[in-house]
Amino acid sequence: MKSQVKSEIVSYLVLTFAALVMAVDYRTFVEWGNLYPGGAVGLAMLMQRVAQSVCDSLGWHITVPFGPINIVLNAIPVWIGFKYIGRKFTYKSLYIIFMSGFLADLVPVDAISAAIPAEDLLQLQSDPFLMSLFGGIVFGFGIALCLRCNATSGGTDFIAIYLSEKKGQETWNLILAFNALVLLAGGFKSGWTSALYSIIYQFVYIQVVHLMYRTYQYQTLIIVTTQPKKVCEAIYRISHHGATVINAKGAFKGEDKSVVMSVVAADDTTRIYAICKSLDSEAFINTISTSRVIGRFYLRPRD
């Protein structure tokens, strides 16, 4: 029980840091470059900017907050999370949604700007490509931290995870297509140059997530070994996946071998490699990227 409580505390500390990372990204790279992250966050920023323009044109000296708009737009995705994904996952995601919006409205942009040398800041703000590139890296890092702690920033992430678990394949690239609608609206509001660099921003952050979060990436392992039973037991112990054993014979020496074939989540492969080599130092392991799995495939429960 104590270890579980400690794990949850660490998890929420990491989520708080992730929320701060995303909030800083919103108020610096995204705001300076007039970019749109896409999904519910991008739509919230678009609505905030439109509302702020209206207030400024009417002479109202008020600042339209980002947080409340983002919370309202996440209502339906959060409902999907509660109903189809898991309560603990959704509670953590709600924490991220609230904290990132809250911090985004409080981040001292002037203090951050003052900490950067004036020449570097001017060069950065005058280069939209750099802002979209670094902004995408920072945002993708924050999203990946959330996902590793079994949470998400909300919006289309809920939908992507729901489809991933139902269809058994990665759906992160579908987010890029879905976000095109937000980019179209952003293009009309802020200009098509802004929309173009927002595409780069979104592409970069999705690739960062793809590199850091590998739960829905599959690998087919083909292991030639003399210890098939122990290797199969190790695969099941680490990944909860079974394996198929095929009797084989080495072509060079004519030795009897066994081929163990299994499909596992990509983030389990490193540990499986190490165990297999400890069981059979001469084991030959071939890894093949798998785009889709049809049939019974174990996914770790979120709650």
Side-chain angles (χ1 to χ4, degrees), residues 1-30 37-42 44 66-67 70-71 74 77-78 80-82 85-109 111-112 115 134-162 164-165 170-172 175 201-202 204-217 238-239 265-271 299-303:
M1 181 64 72
K2 288 183 179 180
S3 62
Q4 186 176 0
V5 172
K6 183 179 179 180
S7 176
E8 285 298 301
I9 292 173
V10 171
S11 176
Y12 275 96
L13 288 175
V14 173
L15 289 175
T16 303
F17 175 69
L20 178 61
V21 167
M22 290 188 289
V24 171
D25 186 63
Y26 295 159
R27 295 302 308 277
T28 54
F29 296 112
V30 172
V41 172
F66 164 77
N70 189 43
I71 291 171
N74 273 286
V78 165
I80 291 174
F82 273 117
I85 300 176
R87 291 184 178 274
K88 184 184 291 187
F89 174 81
T90 307
Y91 283 133
K92 287 184 176 181
S93 301
L94 269 174
Y95 179 77
I96 281 291
I97 294 168
F98 275 101
M99 284 299 295
S100 61
F102 175 74
L103 292 173
D105 290 326
L106 293 180
V107 167
V109 181
I112 295 174
F134 286 111
I137 292 173
V138 172
F139 187 63
F141 175 70
I143 292 290
L145 285 180
C146 293
L147 292 171
R148 282 184 169 272
C149 291
N150 203 23
T152 179
S153 62
T156 52
D157 292 348
F158 276 113
I159 299 170
I161 291 170
Y162 167 70
S164 293
E165 296 193 348
E170 274 195 291
T171 55
W172 291 111
I175 297 177
Y201 174 93
Q202 292 181 25
V204 170
Y205 98 70
I206 288 175
Q207 298 312 307
V208 172
V209 172
H210 183 84
L211 287 173
M212 293 184 62
Y213 184 69
R214 308 180 70 194
T215 296
Y216 297 112
Q217 298 175 41
I238 293 172
S239 66
D267 53 3
D268 289 329
T269 55
T270 301
R271 286 184 294 166
L299 289 173
R300 295 187 186 92
R302 294 192 173 274
D303 290 337

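All values below come from the heavy atoms of this structure, side chains included, with hydrogens, waters and symmetry mates left out.
- Phe98 CZ to Ser93 OG: the interatomic distance, rounded to the nearest 0.5 Å, is 12.0 Å.
- Every residue two or more places apart in sequence or in another chain that forms a ring pair (Phe, Tyr, Trp, His ring centres under 6.0 Å) with Tyr91 is listed here: Phe82.
- Of all heavy-atom pairs spanning Val209 and Ala144, the tightest one is CG2-N, 4.4 Å.
- Once rounded to the nearest 0.5 Å, the distance linking CG of Asn74 with CD1 of Ile80 reads 10.5 Å.
- Here the CZ-OG distance, from Arg148 to Ser11, works out to 12.5 Å after rounding to the nearest 0.5 Å.
- Atom-to-atom distance recorded for Phe89:CZ and Cys149:SG is 11.5 Å, nearest 0.5 angstrom.
- Under the 4.5 Å side-chain criterion, counting only non-hydrogen atoms from C-beta, Val30 is in contact with Pro37.
- A 4.5 Å side-chain heavy-atom check between Lys92 and Glu8 finds at least one atom pair inside the cut-off.
- Side-chain atoms of Thr152 and Ile143, non-hydrogen and from C-beta on, never get closer than 4.5 Å to each other.
- Counting only distance, with no hydrogens or angles, the side chain of Asp105 and the backbone of Phe66 share a donor-acceptor pair below 3.5 Å.
- Thr90 contributes a side-chain N or O that, together with a main-chain N or O of Gly81, makes up a donor-acceptor pair within less than 3.5 Å.
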Please tabulate, for side-chain N and O atoms in residues 12-27, each donor-acceptor pair with protein atoms closer than 3.5 Å (sequence neighbours left out).
residue : atom : partner : partner atom : Å
Thr16   : OG1  : Tyr12   : O            : 2.7
Thr16   : OG1  : Tyr95   : OH           : 2.6
Asp25   : OD2  : Tyr201  : OH           : 2.6
Arg27   : NE   : Glu31   : OE1          : 3.1
Arg27   : NH1  : Ala104  : O            : 2.8

